[in-house]
Amino acid sequence: TFPMKLWLLVNSPSVLSVSWDARGEGLFIDQELFEQELLGVGSGSVEEGELFKTKKFASIVRQLSLYGFRKTTRSPTSSAAGWTPRSVGDRTSYPGGLLHHYCSPHFRYGRPDLLVKIKRLTKANKEKLAAGLEVTSRLPDDF
């Protein structure tokens, strides 16, 4: 599922475009680096076995929204404190204009057990939530 892919990406030391925020309550996505590293846009493109079926960052943003992630405004001095510069090829990635911060109450550092509470916001799921019912999914068996 999309949340599981995000979890694996943000926790992978080899993925440079996605990082936890300083408090572990959200994630930063470096858009330009994400497009190159994970969507296969430009140089450094993804090899076979691509993670996402799109090459458009807007589609990733849409998925984040469909799974209940909310984009937050970040202060250059507080939220970005957990983001450290990383060298990628001949350039260094710093927090900048293309850095996006997303949060979900069920996406927390060190808490993979919360992922079952992240569910795609379909019409049926929205109706369940409006009725006060819980909407959950289960973790894959291999997690």
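Bear in mind the structure is a predicted one, so any value in this text is a computation, not a measurement.
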message: Tell me whether L8 shares a hydrophobic cluster with F69, the cluster being built from Ile, Leu, Val, Met, Phe, Trp, Tyr side chains joined at under 4.5 Å.
response: yes
message: In terms of relative ring orientation, are W7 and F107 parallel, tilted or perpendicular, with 30° and 60° separating the classes?
response: perpendicular
- request: State, with a plain yes or no, whether a side-chain heavy atom of I29 is found less than 4.5 Å away from one of F57.
  value: yes
query: So, do S104 and I118 sit near enough that their side-chain heavy atoms are less than 4.5 Å apart?
result: yes
query: Under the side-chain contact (heavy atoms from CB on, under 4.5 Å) criterion, do R120 and Q63 qualify, and how do the steps go?
result: CA-CA 8 Å; R120 187 178 172 107; Q63 289 295 309; 3.4 Å; yes
query: Between F2 and Y67, how do the two ring planes meet: parallel, tilted or perpendicular, split at 30° and 60°?
result: parallel
field: Test side-chain contact (heavy atoms from CB on, under 4.5 Å) applied to Y102 and V61, step by step
entry: CA-CA 9 Å; Y102 287 92; V61 170; 3.5 Å; yes
- prompt: If you take all heavy atoms of L38 and S17, which pair is closest and at what distance?
  reply: CD1-OG, 3.6 Å
query: So, for G26 and C103, which heavy atoms are closest and what is the spacing to 0.1 Å?
result: CA-SG, 3.8 Å
Listed partners of R62 passing salt bridge (charged side-chain N to carboxylate O under 4.0 Å, His left out), at least two apart: none
- request: Kindly indicate whether the side chain of N11, heavy atoms from C-beta on, has any atom under 4.5 Å from the side chain of W20.
  value: yes
task: Kindly write out the residues that satisfy side-chain hydrogen bond (donor to acceptor under 3.5 Å, both in side chains) with Q31, not counting sequence neighbours, or none if the list is empty.
output: E35, H100
message: Could you walk me through whether D30 and L16 satisfy the side-chain contact (heavy atoms from CB on, under 4.5 Å) test, starting with their C-alpha distance in whole Å, then the side-chain angles of each, then the deciding distance to 0.1 Å, before giving a yes or no?
response: CA-CA 8 Å; D30 179 324; L16 304 177; over 6 Å; no
task: Would you check if K71 and S65 make a side-chain contact, meaning some heavy-atom pair closer than 4.5 Å?
output: no
message: Could you check whether any side-chain N or O of D21 sits under 3.5 Å from a backbone N or O of L27, counting only pairs where one atom can act as donor and the other as acceptor?
response: no
message: Please say yes or no: joined through hydrophobic side-chain contacts below 4.5 Å, possibly via intermediate residues, are L114 and L64 part of one cluster?
response: no
- prompt: Backbone N or O of E25 within a donor-acceptor pair of the R108 side chain at under 3.5 Å?
  reply: yes
- request: Answer yes or no: is there a side-chain heavy-atom contact under 4.5 Å between F34 and L98?
  value: no
query: Side chains of V15 and E37: closer than 4.5 Å at any heavy-atom pair?
result: yes
